[in-house]
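Numbers here simply count residues along the sequence, with the first being 1.
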Amino acid sequence: MDRAVDLINASLIAGIIVNLVCVVIRARALLALGNIVVMGFGVAAVLRLWEVFPFDFGDGWSGWPVVVRVLLVLGIVGSVIGAVVEVVNLFRALAGFEPKAR
């Protein structure tokens, strides 16, 4: 876990910084770019967790390793899909196609 904590902390700190900046500066392009950066840190953290995976689950249920692997894969796939969406949002914002207010 010592090998993964730094990336997890970096992901959390990046998320806090991006959200604080986006509260002050309300620009869709900046939000999309910040979300891409945060997802990059998040994917790096999840990949590091995958790398150091054999966690100690104790004497509990023997299915936990499979469940955790599936959740890690879902996290990676979801983050990659989210990054693609944010890249599209970034290009839309830069092109001037802002979403309409509801």
Do Val37 and Ile76 share a hydrophobic cluster, counting only Ile, Leu, Val, Met, Phe, Trp and Tyr and linking them when any side-chain heavy atoms are less than 4.5 Å apart? no
Supply the atom-to-atom distance Ile36 CD1 to Leu31 CG, rounded to the nearest 0.5 angstrom. 10.0 Å
Is it the case that one hydrophobic cluster holds both Val88 and Val80, taking links as side-chain heavy atoms less than 4.5 Å apart, direct or via other members? no
In the single-linkage hydrophobic clustering (I, L, V, M, F, W, Y; side-chain heavy atoms under 4.5 Å), do Leu49 and Phe53 co-cluster? yes
To the nearest 0.5 Å, what is the distance between CG on Leu33 and CG on Asn89? 12.0 Å
Nearest heavy-atom neighbours spanning Val18 and Asn35: CG1-N, 4.3 Å
Does a salt bridge link Glu86 with Arg28, judged by any charged N lying under 4.0 Å from a carboxylate O? yes
Using the side chain to side chain contact (heavy atoms under 4.5 Å, CB included) rule, take Ile81 and Val77 through it: C-alpha gap first, then chi angles, then the decisive distance, then the call. CA-CA 6 Å; Ile81 291 170; Val77 170; 3.9 Å; yes
Closest non-hydrogen atom pair between Ala29 and Ala93, with its separation: N-CB, 3.6 Å
Sub-3.5 Å donor-acceptor pair from the side chain of Arg48 to the main-chain atoms of Leu7, do we have one? no
Joint hydrophobic cluster, Leu74 plus Leu47, side-chain heavy atoms closer than 4.5 Å: yes
Do Val84 and Val43 belong to the same hydrophobic cluster, where Ile, Leu, Val, Met, Phe, Trp and Tyr are linked whenever their side-chain heavy atoms lie under 4.5 Å apart, directly or via other members? no
Can you tell me if CZ on Phe91 sees more than 12 non-hydrogen neighbours from other groups inside 6.0 Å? no
Does Ile13 form a side chain to side chain contact (heavy atoms under 4.5 Å, CB included) with Phe41? I'd like the steps, not just the answer. CA-CA 10 Å; Ile13 291 169; Phe41 279 110; over 6 Å; no
Look at the side chain of Ser79 and the backbone N and O of Gly75, then say whether any donor-acceptor pair between them is shorter than 3.5 Å. yes
